[in-house]
Amino acid sequence: MTAARALAGPLIRRVAPLAVLAGLVVGVVVPTLYQRFALEERTAQARLWARQLASRTAALASERPQLWAYDRVHLGSLVRPVTSEPVFGRVRLDTPAADRVFEAGPTGRGGEVSAWAVVQAGDRVAGRVEVRLPAAEIRDIARFLWISAGLAGLLLAAGLFALPMAAVRRGDARNAELWAALEEANAHLEARVEARTAELKHRERELSELGARLVAVQEEERARISRDLHDDLGQSLTGLRLRLTTLEAMVPAEGPARRQVEAALGAVDAAVEQVRHLAHGLRPPALDALGLPAALRAHAERWAASAGLALTLDLADDEPPAGPAEVLFRIAQEALTNVARHARAAGVQVRFGRADDGWRLVVEDDGRGLTPGREGGLGLVGARERAEQAGGYLDVEPGEAGGVRLLVWLPEDV
Ligand SMILES: Nc1ncnc2c1ncn2[C@@H]1O[C@H](COP(=O)(O)OP(=O)(O)OP(=O)(O)O)[C@@H](O)[C@H]1O
Ligand SMILES: [Mg+2]
């Protein structure tokens, strides 16, 4: 709805009484006042003339007490100065003799004003003078005033309504123009936002695909290195051990040569153990062969033994599918490595089980906790990336014993 249309109703409601009032003031009060003052003035004029004529007639009556009422010529000369006035009505002179009446001037056409004066001759009343003056033209003017003032009132009302309406209509037209421009700008902006959003989504998809590929490539690489370590280096070390065993049989049971061979055998065994350790860390065969809980247990126990920390395990027997199992195992590895590297903890808890239609793993230590401002490396970033890739999430928060609690949740299957 335009402002002009909205304004029309209230404006009419407010302006109409105002216009009626203005019309009344101008159209009724002005003519009424004019008529009242004009009639009063004319009546005063009639009174004045009546008094003048009465006093002149009184003088005549005193001069000629018996005949004055019959002397029309004389009476006419008394009246003449008055009848020569531009506004003249009618004079009537009544004498005590009822049939003796002197009249002069035209007969009025109604709407006259009149005034009386007594003709006092000595101590007796010799007669009465009545002056009637025309008032019709005053009433005509008043009527004309009434009509024209009424029209002026109407025009005023129309003006009071039309002027603001015209201004509002102009405003409406301007508003419509501005609104159209705004809508155009908005449409343009929305189109740009849509294009940007589509571009961003595309980038996001690309990034997430890249992340997934990175994780896959990392896993492949680890598997390859693990295989190489196990197959090549492991085989070579096994060959070396066989030769050393053969050599051991050839050297005398006592003596420095035998001790050197035994030391070499010990060193080779340690190297074999290290290679196995490395290979298992890179691609834990327990995960494929035994499933997640067993692989977690094996890794955590080995890790706790080498780190010298107290370990508490709470692992449910549930077996997640390969996808989530792999992610959870890698995150547990990173969490435990972080505890050993940063936490200065005495003990660590590892909990795993089903939760909220998915899998939950918690690694919590009793160490010194996170140091603000030392957010550091890529381990946790990668772990979070893995969790989110799998449709889950990873939280790192203060633990109950003051250390760090790392919690990861993954959906049922990836
Ligand atoms: N259990 C923990 N206790 C105390 N601080 C920790 C713990 N785990 C992580 N942090 C802190 O969080 C930082 C980030 O850890 P993150 O694993 O991302 O990096 P990093 O271990 O320093 O390096 P990277 O894992 O890349 O080799 C660490 O540098 C360390 O300051
Ligand atoms: Mg780390």
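All ligand and atom numbering here is 1-based and tracks the order in the structure.
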Next on the checklist: For Asn186, I'd like to know if atom CG has over 12 heavy atoms of other residues, nucleotides or ligands within 6.0 Å.
Outcome noted: yes

Checklist entry - Is the number of heavy atoms from other residues, nucleotides or ligands under 6.0 Å of Trp116 CH2 greater than 12? => result yes

Next on the checklist: Below 4.0 Å from ligand 1: does a non-hydrogen atom of Arg344 turn up there or not?
Outcome noted: no

Checklist entry - Gly367 near ligand 1, heavy-atom distance under 4.0 Å? => result no

Checklist entry - For Leu407, does its backbone N or O pair with a side-chain atom of Asp395 as donor and acceptor, under 3.5 Å? => result no

Taking only heavy atoms of [X] into account, list the atoms of ligand 1 that are under 4.0 Å away from them.
X	value
Leu380	15 (O), 16 (P), 17 (O), 18 (O)
Gly369	4 (C), 5 (N)
Leu370	5 (N), 6 (C), 10 (N), 11 (C), 12 (O)

Next on the checklist: Below a 4.0 angstrom heavy-atom separation, can you tell me which part of Arg368, side chain or backbone, both or neither, approaches ligand 1?
Outcome noted: neither

Checklist entry - Using heavy atoms and a threshold below 4.0 Å, how should the contact between Asp365 and ligand 1 be classified: side chain, backbone, both, or neither? => result side chain

Next on the checklist: If you apply the rule salt bridge (charged side-chain N to carboxylate O under 4.0 Å, His left out), what do you find for Glu40 with Arg36, and how did you get there?
Outcome noted: CA-CA 6 Å; Glu40 260 174 25; Arg36 193 169 151 211; 3.6 Å; yes

Checklist entry - What are the two closest non-hydrogen atoms of Val272 and Leu237, and how far apart are they? => result CG2-CB, 3.6 Å

Item to check | Note, Trp179 side chain near Glu183 side chain (heavy atom, < 4.5 Å) | outcome: yes

Checklist entry - Hey, are the side chains of Thr245 and Val261 touching, using non-hydrogen atoms and a 4.5 Å cut-off? => result no

Checklist entry - Mind checking whether Phe352 and Trp359 have parallel, tilted or perpendicular rings, split at 30° and 60°? => result parallel

Checklist entry - Who's closest to atom 21 (O) of ligand 1 heavy-atom-wise, of Arg405, Arg384, His342? => result His342

Next on the checklist: Restricting to N, O or S atoms, which atom of Glu334 is closest to the Mg ion (ligand 2)?
Outcome noted: OE2

Checklist entry - Taking both backbone and side-chain atoms of Asn338, is any N or O found less than 3.5 Å from an N or O belonging to ligand 1? => result yes

Item to check | Contact flag Asn338/the Mg ion (ligand 2), N/O/S atoms, threshold under 2.8 Å | outcome: yes

